[in-house]
2 protein chains.
Amino acid sequence: MATIHEVAQKAGVSAATVSRVINNRNTVSDKTRIRVEQAIHDLEYEPSVLGRNLRNSESRLLLVLIPSISNPFYSEIINGIEDTAIAQGYNILLCETDSNPDREAIYFNMIRNRLADGIISMDPTVNKEKLIELANTYPIVQCSEYEKDGSISFVTIDNELAAYQAVRHLIKLGQKKIALINSDEKFLYARERRQGYEKALREFGLPIKHEWIYITDQLGFQSGQQAMRVLLNLDDRPTAVFAVSDILAIGALKEININDLRVPQDIALVGFDKISFSNMTHPTLTTVAQPMYKMGCLSATMLINKIRGKRVDNIVMDHELIIREST
Amino acid sequence: MATIHEVAQKAGVSAATVSRVINNRNTVSDKTRIRVEQAIHDLEYEPSVLGRNLRNSESRLLLVLIPSISNPFYSEIINGIEDTAIAQGYNILLCETDSNPDREAIYFNMIRNRLADGIISMDPTVNKEKLIELANTYPIVQCSEYEKDGSISFVTIDNELAAYQAVRHLIKLGQKKIALINSDEKFLYARERRQGYEKALREFGLPIKHEWIYITDQLGFQSGQQAMRVLLNLDDRPTAVFAVSDILAIGALKEININDLRVPQDIALVGFDKISFSNMTHPTLTTVAQPMYKMGCLSATMLINKIRGKRVDNIVMDHELIIREST
DNA sequence: TTTCATCATGTAAACGATTACAATAATCCT
DNA sequence: AGGATTATTGTAATCGTTTACATGATGAAA
């Protein structure tokens, strides 16, 4: 690969002039500009990002922290982030943390090393103290999950309201015995969605029954299936279930199917996220849609603004209840 | 962030000595080593990857090209790549190409720029000429999809054999009317799996019926559903289906369910990939498992060996037919 | 013609590390 | 003690850019 000096030599100018041509500095005469461009073309020269970044101390790389790429919830968000970032000349580095603090530490170091210019974190299990500390010094935004104390900028939806509306939808359909399959409540979204669930029940004078709330420790299908197994074995069996993620809902659906119960006649089911699979189940799943692509775009824009030193405001986006066959 | 010079000053030595301490060069006395380490600790110094890489002209970053992160097939492979890479001191950059040549070009340039040390490509729709050309100069390996001419190192499975065994399994169950839902045959795996399908039919004296082979142009659920719709409308309807991916199979299953047909009694179904969803459908899906995690590990090892200048051999891995409820 | 702007280009110093080589200090051997 | 090794450290060049500053050329105004 040619360097800037070889180009300079070939064009009969100094490296500085070549650099000016590359960066569209206006102080280059048309004559030399053309000569330089010709040389760049002939040598197939590409500026070394390493050299440039060292000098400018920026890398134009954004870190995106997610717990697991296999969770389809993140796919659309990432598309949004990627499209926006590329349009602004940034590349993104997808970092799967597996909720593993060691991995996280590696990625945190990348920003200290100047190998990345900023972080978008979607990892709810992230080491909060470290992240907040890092956010004092470096540009960081959170997407979906966020810190209540406002120490880190974020893009999210109103989880409580969304859950409230989903449960209200079930109540309006005449459901009285509504269970909740929740994630670990160390996640803010889990706590908020539970609030919404309870709020809806209270508002319509329905009891909040302890045993109708199942909290999973994992996020996979199996957890949803396991949860449903427990709920179906209750003496006073619920007739509707609100699961805080489609993945959990699909696991639950599996267990319902195994027991030869019908959805929605015997058990109505609502999920959350509108992942593409939720439309492939039989029956299709009622769910809450988040504007994932848009959230991705906005997080990226927000982060890039932060990097450029602008002030940014937190964003709470709208959601939408998608009513399908399972209710 | 402190630089190496500040550390040197604080420890009362030269930057060279600090560098030697960091890189475990043995030519440093214990006395100074301890002083330097103390200074590094006090200043919370982290070496700048940018500076180091510029000097060494390496970035310790690996590019992983995938068409779409939302395809769960890639998740496990990526886990394998990531674990191996991190263990060897490399980070990976997940690049979603969306099969878009412009995006691809961006990522190809990163390796020219020295921003990445190598590429693992899993993108079958990749611009082949460019990739081959790049592979002449830079370390590149292909995982899963590969070039028949052997111009690029690869890790893969024996797609033809796997398809052959899947179809033979159906035949052994007494199936005589077996359809194929295939991907676009620009993909090598699609061509190979079709070969396996036809080979099994021929071997057992079954006819290869033109209208029982449906070729999709997309890879999503919808395509599988659409394919099944067509197959079900045939006068001479097949009683078994081999789909070349679980995603297509799940789409097909959806359509079968809609038509109130039973699996496997009315239609038997085999998928490919053993994605986690394939165990959540009702009934669960018979499928072909690829050792995805292992394939990821081996690709990463292979690439790192290439980067280090070693010769590497192509690898064909074993697969396994997973028999479940759908057959 | 002289004097100033203005414009185009070159020079050289960064950026933050690594490392060949040189220089010094410590140790050993006779 | 004197000379030869060896261990430790420093000096300075280098990687490939960008950019403040200096320089020289050109043209306009007086």
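Predicted model, so just to flag it, every value in this text is computed and none were measured. Lettering follows sequence order; numbering is per chain, from 1.
OP1 and OP2 of D:dT18 both lie 4.0 Å or more from every side-chain N or O belonging to A:Arg20. OP1 and OP2 of D:dG16 both lie 4.0 Å or more from every side-chain N or O belonging to A:Arg52.
Side chains of A:Tyr189 and A:Ser183: a donor on one and an acceptor on the other come within 3.5 Å. Side-chain contact, B:Ser59 with B:Asp117: a donor N or O sits under 3.5 Å from an acceptor N or O. Between the side chains of B:Ser151 and B:Asp149, at least one donor N or O lies within less than 3.5 Å of an accepting N or O.
Using a 4.0 Å heavy-atom cutoff across all strands shown, B:Thr17 reaches sugar-phosphate atoms only and no base atom. Using a 4.0 Å heavy-atom distance criterion, B:Asn53 is classed as making no nucleic acid contact. Nucleic acid contact for B:Leu54: base, since at least one base atom lies under 4.0 Å from a heavy atom of the residue. As judged by a 4.0 angstrom heavy-atom cut-off over every strand, A:Ser19 is placed among the base-contacting residues.
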Per-pair distances, 0.1 Å, donor-acceptor, side chain in residues 2-25 of chain B, under 3.5 Å, sequence neighbours excluded:
unit_1: B:Thr3; atom_1: OG1; unit_2: B:His5; atom_2: N; d: 3.2
unit_1: B:Thr3; atom_1: OG1; unit_2: B:Glu6; atom_2: N; d: 3.4
unit_1: B:Glu6; atom_1: OE2; unit_2: B:Thr3; atom_2: N; d: 3.1
unit_1: B:Ser14; atom_1: OG; unit_2: B:Ala16; atom_2: N; d: 3.4
unit_1: B:Ser14; atom_1: OG; unit_2: B:Thr17; atom_2: N; d: 3.4
unit_1: B:Ser14; atom_1: OG; unit_2: B:Thr17; atom_2: OG1; d: 3.4
unit_1: B:Ser19; atom_1: OG; unit_2: B:Asn23; atom_2: ND2; d: 3.4
unit_1: B:Asn23; atom_1: ND2; unit_2: B:Ser19; atom_2: O; d: 2.8
unit_1: B:Arg25; atom_1: NH1; unit_2: B:Asn23; atom_2: O; d: 3.0

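The rotation axes computed at either terminus of the helix from C:dT1-D:dA30 to C:dT30-D:dA1 lie 50° apart, taking five pairs at each end and rounding to 10 degrees.
Separating the OG1 atom in A:Thr156 from the OH atom in A:Tyr146 is a distance of 5.5 Å, to the nearest 0.5 Å.
Near DNA chain C, meaning a heavy atom under 4.0 Å from it, residues 29-43 of chain A has A:Ser29, A:Thr32 in order of number.
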Would you mind building the protein contact string for nucleotides 23-28 of chain D? One character per nucleotide, 5' to 3', B for base within reach (heavy atoms under 4.0 Å), S for sugar-phosphate only, - for untouched. ------
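Among residues at least two apart or in separate chains, salt bridge (Lys or Arg N to Asp or Glu O under 4.0 Å) pairs with a member in residues 60-71 of chain B are B:Glu58-B:Arg60.
Where DNA chain C meets chain A (any atom under 4.0 Å from a heavy atom), the bounding nucleotides read 5' to 3' are C:dA8 to C:dG16.
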